[in-house]
Structure formats: structure tokens, C-alpha cells
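Have a look at this one.
Residue numbers start at 1 and run along the sequence shown. Computed from a predicted model, the values in this text were never measured in an experiment. Numbering of ligands and ligand atoms starts at 1, following listing order.
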Amino acid sequence: MPFGAGAHKCIGMHFGTLEVKTIIAALVRDYEWEIPGDYRMPWGFTTIPFPRDGAPVSLRRSDRLRVAR
Ligand code: HEM
């Protein structure tokens, strides 16, 4: 769905999917994520699917990555 459909469907779809997977893998590996437990995302569909409220996620760099001094 994020890449459109029909004759003008995104030609970078497979590369774009790999890029996004790479970015998400790094974010999941290197950051601790927090989001309210009862959060339900209000989807917007005016262009590509997106969270209409900006998604209240906070990311904190994982402790395991901090170098001890
Ligand atoms: C996550 C990354 C990407 C997203 C979400 C995305 C999304 C889209 C969308 C929604 C369209 C319009 C499809 C339609 O009109 O039905 C599109 C078209 C297009 N995208 Fe992407 N795209 C991404 C990455 C890329 C990359 C990496 C490239 C090139 C290397 C690319 C090249 C193009 C081109 C050339 C079109 C126009 C195709 C045409 O009009 O025939 N896109 N893309």
C-alpha cells in the first residue's frame, strides 16, 4: 500500500523496503522504545499511510551502547 498501485506504482519499491527494514533494525537494536500501553494509532491516508497524531513514541539510546568511563 505505501508504494501505490497500477501503472505508476513505485519503481523503487524493493529497494525502499530494504532501506526501511535496515533503518528499523538499527532503531530496534540500538534504542529502547516507549509508547502508551493503550495507544491506538489514528491512521491517515491522504498520501501514504501515516499516523495522524505523529505517533507518541519516545526513543532512548540503549544503555548497552554507552561506553563506561
Ligand atoms: C520507502 C520508500 C519509498 C516509498 C514509500 C515510495 C512511495 C512511492 C509512491 C506512493 C509512488 C506513487 C505510486 C503511484 O502513483 O501509484 C512512488 C512512485 C515512484 N517512486 Fe517511490 N517510494 C519509495 C522509494 C523509492 C526509491 C528508493 C526510488 C528510486 C530509487 C523510487 C522511485 C519512484 C519513481 C521513479 C516513481 C514514479 C513511478 C511512475 O510514475 O511510473 N521510490 N513511490
Side-chain angles (χ1 to χ4, degrees):
M1 195 190 303
F3 297 101
H8 293 281
K9 185 173 180 174
C10 179
I11 60 162
M13 179 171 76
H14 298 295
F15 182 71
T17 300
L18 286 176
E19 279 184 308
V20 171
K21 281 184 179 175
T22 303
I23 292 164
I24 289 182
L27 289 173
V28 168
R29 185 192 58 208
D30 297 344
Y31 290 81
E32 287 163 21
W33 295 57
E34 272 182 36
I35 195 160
D38 58 351
Y39 178 67
R40 292 273 178 276
M41 187 178 335
W43 285 102
F45 294 100
T46 48
T47 51
I48 58 174
F50 69 100
R52 273 189 280 117
D53 63 354
V57 180
S58 33
L59 298 180
R60 197 160 45 88
R61 202 157 166 78
S62 177
D63 286 340
R64 13 188 208 93
L65 298 174
R66 294 204 184 103
V67 179
R69 294 180 188 211

Smallest separation among heavy atoms of K9 and G4, with atom names: CG-O, 3.7 Å
Relative to ligand 1, is T17 under 4.0 angstrom through side chain, backbone, both or neither, heavy atoms considered? neither
Answer with yes or no whether the hydrophobic clustering places I24 together with F15; edges join I, L, V, M, F, W, Y residues whose side-chain heavy atoms lie under 4.5 Å apart. no
Nearest heavy atoms of W33 and V57, plus distance in Å: CE3-CG1, 3.6 Å
Is it the side chain (CB and beyond), the backbone, both or neither of F3 that lies under 4.0 Å from ligand 1, heavy atoms counted? both
Looking only at protein heavy atoms, identify the closest one to atom 10 (C) of ligand 1 and say how far it is in Å. P2 O, 3.2 Å
Are any of the N/O atoms in A5 less than 3.5 Å from those in ligand 1? yes
Which atoms of ligand 1 sit under 4.0 Å from any heavy atom of V20? 1 (C)
Quick check against the 3.5 Å criterion: does R61 have a side-chain atom that pairs as donor or acceptor with the backbone of Y31? no
Establish whether L27 and F50 are linked, either directly or via other cluster members, by ILVMFWY side-chain heavy-atom contacts under 4.5 Å. no
Looking only at protein heavy atoms, what sits closest to atom 26 (C) of ligand 1 is G12 CA, 3.6 Å
P36 and P56: which non-hydrogen atoms are nearest, and at how many Å? CD-O, 3.7 Å
Minimum-distance protein heavy atom relative to atom 34 (C) of ligand 1: I11 CG1, 3.7 Å
To the nearest 0.5 angstrom, please state how far the CE atom of M13 sits from the CD1 atom of I11. 11.0 Å
Closest approach of any protein heavy atom to atom 23 (C) of ligand 1, naming residue and atom: C10 SG, 3.6 Å
Residues P51 and Y39: closest non-hydrogen pair is CB-OH, 4.4 Å
Looking only at protein heavy atoms, which one is nearest to atom 15 (O) of ligand 1, and what is the separation? H8 O, 3.5 Å
Suppose we measure from atom 27 (C) of ligand 1 to each protein heavy atom; which comes out shortest, and what is that distance? F15 CD2, 3.5 Å
Per-atom contacts of ligand 1 with G4, taking only distances under 4.0 Å to non-hydrogen atoms: 10 (C), 13 (C), 16 (O)
